[in-house]
Every structure is written in C-alpha cells, then in structure tokens.
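Contents: one structure, followed by commentary.
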Amino acid sequence: MESIQLNLSALGIAFGALQGYFLAAILFWHRKGNRVANRCLAALVLVISLQLTDTCFSLSGALVRWPHLIYLTRPLWFLIAPLLYFYIKLMVQTPVKFSSRDLLHLTPMLLSIISISDFYFLSANAKLSQYTSLYKLSEPSALMLFYWNLYTAQVLIYVGLSIRRLYRYEKQVKPQSANSNPIQLNWLKRLLNVFAIYLVFSMITILFLTVKRTYISFFDYTSICILAIFVHSIAIIAIRQPEKLFPVLERLKEKYRHSALSDSIRKEYTGRLNSVMENERPYLNSELKLGDLAATLNMLPHHLSQIINQELKSNFYDFVNEYRVKEAQKRLTDPASQSFTIEGIALDVGFKSRASFYRVFKKMTGKTPTQYIESMKVLQLT
C-alpha cells in the first residue's frame with residue numbers, strides 16, 4: 001500500500017482547508033449582520049475547503065491509497081461561482097426572495113454528476129487506473145475538455161454578473177451619506193478581484209487544454225493556491241476587521257417600523273446627542289460603549305442606536321470615530337500640540353492603538369496623518 005507523503009505544497013493547502021472548515025462553522029453560526037449572507041459565505045468557504053482537501057489528497061498520494069475518494073467532490077466545483085454571486089447579491093440587496101427558478105443555478109453541477117456517474121460505480125482498482133492514466137494521455141478526452149470549458153464559462157458569467165450587481169449598488173449608495181457602508185463595498189470589490197485572478201489561471205489552463213491539447217499542472221495548482229489564499233484572507237479579515245464581513249444591512253424603515261420614537265422625539269434626541277458630543281467630548285474615552293453614552297444622555301441604548309442609524313445614517317463605531325478623527329485633525333495642526341507624537345495624539349483622542357488610528361484616519365480622510373499634516377502646511381503657505 002502506498003504511503004502518504006506530505007510535501008510543503010500539500011501542507012500549505014491542508015492548512016487552508018482546515019482553516020476553511022473552522023471559518024465556515026463560525027460564519028454559519030454567527031448571529032451579527034446579514035445572517036443569510038453569512039451562511040452563503042459559509043457554504044462558499046466549505047465548498048472551497050473540500051476542493052482544497054481533494055487537492056491535498058492528490059498531492060500527498062492519499063487518493064492512490066483511498067481510490068474511492070477520487071472525484072467525490074468534483075461536481076461541487078460548479079457551486080463556487082453561484083455561491084459567490086449569491087453572497088454578493090445578499091450583501092447589497094435585502095431582502096432577497098428565492099424562488100424555484102433559482103434551482104437552475106444547480107444545472108452545471110447536475111450535468112457534472114451525470115457525466116461522471118459511471119465512474120462512481122467502478123471498483124477501486126478501476127478508479128485508480130482511470131485516474132492515473134487521465135493526465136498521461138497525449139490529448140485530453142472530450143469529457144475533460146467539456147468539463148473545463150463548462151466550468152470556466154460558468155465562472156466567467158457569474159463574475160460578470162457579480163460585477164454588474166456591485167456597479168448598480170455603487171451607483172445607488174454614492175448620492176447617500178459618506179457613511180453609506182464603504183467598507184462593505186471595498187471588501188466585495190477585493191473579493192471579486194481575487195476571483196478575477198483565479199479566473200485568469202483557470203482560463204490559461206483551459207487554453208492549453210483546448211489549443212495545445214496539454215494539461216499544465218502549474219496553472220491548475222496555482223489557481224488552487226489562490227483559493228487557499230482567499231480562505232486565509234477571510235480568516236484574517238474576520239479577526240482584524242469583522243465589520244467588513246458582518247455589516248448590518250437591515251432596511252432602517254423596516255427595522256424601526258414599530259419604534260416608540262416619534263419624529264419630534266428623534267429630532268430632540270439627535271440635538272441632545274450632538275450637543276453632548278461637541279461639548280462634553282465623551283469620545284475621548286477609549287473605552288466608550290453604546291450603553292455608557294446612552295446613560296450620559298439618559299436614553300435607552302436601543303433608542304440611541306436608532307438615532308445614530310436612522311437620523312445620522314451611521315453606526316456607533318463610525319459615529320464615535322468620526323469625532324475622534326476630527327479632534328485629531330485639529331491637534332495635528334495645532335502649534336500647542338507640536339510636542340506630542342502622532343501616536344500620542346491618537347491615544348489622547350480616544351484610539352486604543354496607533355494601527356487602528358491610522359486605519360480609521362485614512363478611511364475617513366483619504367490620507368494618512370503624515371500626509372494630512374503636509375497638505376495643511378502647503379495650504380498655509382499658499
């Protein structure tokens with residue numbers, strides 16, 4: 001019996017797969033943000049992790065030892081592009097109504113199952129024989145060409161649909177407040193960029209198969225590595241910037257339809273909130289929480305959340321940080337604060353770390369603190 005050999009490539013892909021399984025579980029059970037979108041992303045990460053596992057088995061020789069695992073997850077490749085599209089759709093359009101017509105998105109996967117169904121009933125030795133001889137052929141089989149062309153065309157179509165969906169969403173949110181969820185939009189764009197790179201390598205693979213009649217494993221495995229990097233990236237973002245993955249996307253009118261706050265009370269609360277923020281500057285406290293600010297205003301926490309969401313078109317995190325950034329802008333150009341370092345000013349205005357200050361400052365002003373100081377010096381000279 002063949003022994004399993006874990007080389008560096010197999011170990012890296014195996015780590016991505018294990019991380020993906022753990023991440024999929026977190027996304028599925030996470031209660032914050034858009035739960036349907038979270039679960040769609042969980043399904044996407046799970047499918048990718050299964051494909052990474054299959055590739056790891058192939059690289060390590062495990063498929064030779066356990067032939068019945070060969071092609072077991074192959075049809076699931078055709079779920080990746082639809083799940084990507086539906087995740088983006090769920091993130092930018094709420095609510096999304098599903099119908100029986102959506103089952104048509106499963107057609108390529110069903111065709112794939114039908115095309116290789118006979119293989120599943122073969123003996124272990126027959127499966128192994130077909131598997132080991134498949135990539136040694138001087139020319140790829142018609143079935144292999146059909147499979148790759150169908151898959152590449154599917155990814156191309158769904159990436160195009162996703163880009164169009166994002167473009168329409170961007171046109172919708174541009175006229176709104178500056179706080180109209182730019183983090184979410186940037187995250188979805190980056191996600192699509194990764195899949196665009198993945199698509200390029202898939203198209204190169206199919207080009208060699210179709211034109212040169214040659215299978216180039218380098219491009220195939222490179223595309224797999226891109227998917228592994230994609231899983232790693234989601235895990236890092238979930239830890240460092242969870243607001244990108246778990247934005248609150250409920251329609252505000254629906255969310256607060258049964259609220260006890262009338263228009264006049266909301267205006268009164270908004271004025272009181274702005275007054276306290278300007279005069280008492282509670283944002284300077286780095287430990288400030290929604291409940292603390294609500295107690296200062298003598299409001300219920302969920303009423304304060306409604307005011308920030310509905311009246312100020314923001315969320316607590318961005319609302320407080322906007323005041324901190326404005327305060328930092330004043331101090332960065334104030335001669336009386338020249339003895340303070342940028343990090344000292346960041347901590348003094350309520351940020352917990354230099355890294356978070358730089359990230360939020362750049363997001364809200366489009367410049368780093370150093371660039372902002374230089375630009376203000378130029379304005380003063382002119």
Side-chain angles (χ1 to χ4, degrees), residues 1-18 20-21 43 46-83 103 105-155 198 201-228:
M1 185 174 287
E2 294 288 335
S3 61
I4 297 174
Q5 298 179 350
L6 289 175
N7 53 39
L8 190 61
S9 300
L11 284 172
I13 292 174
F15 177 71
L18 289 173
Y21 293 131
L46 178 61
V47 170
I48 291 175
S49 299
L50 287 168
Q51 303 309 326
L52 294 177
T53 302
D54 183 71
T55 303
C56 177
F57 284 173
S58 176
L59 289 171
S60 64
L63 292 181
V64 177
R65 192 170 184 178
W66 300 305
H68 287 298
L69 294 178
I70 297 172
Y71 298 158
L72 198 61
T73 64
R74 178 62 62 91
L76 295 180
W77 277 106
F78 290 99
L79 286 180
I80 292 178
L83 285 171
L103 294 174
H105 294 279
L106 300 177
T107 303
M109 185 187 73
L110 295 176
L111 287 174
S112 176
I113 293 173
I114 293 170
S115 68
I116 60 174
S117 58
D118 291 342
F119 181 86
Y120 294 131
F121 296 99
L122 296 176
S123 66
N125 289 333
K127 286 182 178 180
L128 187 58
S129 177
Q130 282 199 24
Y131 175 73
T132 53
S133 63
L134 180 62
Y135 297 110
K136 294 179 182 179
L137 296 174
S138 57
E139 289 192 7
S141 65
L143 179 60
M144 189 176 183
L145 282 175
F146 169 76
Y147 177 87
W148 275 99
N149 277 287
L150 179 62
Y151 176 70
T152 306
Q154 186 206 38
V155 174
Y198 165 71
F201 280 92
S202 293
M203 292 180 72
I204 292 173
T205 304
I206 190 61
L207 185 65
F208 273 96
L209 280 171
T210 306
V211 179
K212 298 290 186 179
R213 301 289 178 173
T214 305
Y215 171 73
I216 308 294
S217 60
F218 169 78
F219 295 112
D220 193 9
Y221 286 128
T222 300
S223 65
I224 293 291
C225 289
I226 291 171
L227 292 181

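- Between the side chain of Ser115 and the backbone N or O of Ser112, at least one donor-acceptor pair lies under 3.5 Å.
- Note that CD1 of Ile48 is 11.5 Å distant from CD1 of Ile226, once rounded to the nearest 0.5 Å.
- Atoms CZ and CG, from Arg65 and Leu63 in turn, are 12.5 Å apart once rounded to the nearest 0.5 Å.
- The shortest heavy-atom contact between Val47 and Leu76 is CG1-O, 3.3 Å.
- Lys127 and Leu122 make their closest contact through CE-O, 3.5 Å (heavy atoms, listed as atom of the first residue, atom of the second, distance).
- Residues satisfying the side chain to side chain donor-acceptor pair (under 3.5 Å) test with Thr73, not counting sequence neighbours, are Gln51.
- A distance of 5.5 Å separates CD1 in Ile204 from CZ in Phe201, rounded to the nearest 0.5 Å.
- The two atoms that bring Met109 and Pro75 nearest to each other are CG-O, 3.1 Å, heavy atoms only.
- Here the CD1-CZ distance, from Ile70 to Phe119, works out to 5.0 Å after rounding to the nearest 0.5 Å.
- Using cut-offs of 30° and 60° on the angle between ring planes, the pair Tyr151 and Phe78 is perpendicular.
- Here the CG-CG distance, from Asp54 to Leu50, works out to 9.0 Å after rounding to the nearest 0.5 Å.
- Annotation: the span from Arg74 atom CZ to Leu72 atom CG amounts to 11.5 Å, rounded to 0.5 Å.
- Between Ser223 and Ser202, the shortest heavy-atom contact is CB-OG, 4.3 Å.
- Here the shortest heavy-atom pairing between His68 and Ser123 reads CE1-C, 4.3 Å.
- Across all non-hydrogen atoms, the minimal contact from Tyr198 to Trp77 is OH-CZ3, 3.2 Å.
- Residues satisfying the side-chain contact (heavy atoms from CB on, under 4.5 Å) test with Thr53, not counting sequence neighbours, are Ala17, Tyr21, Phe57.
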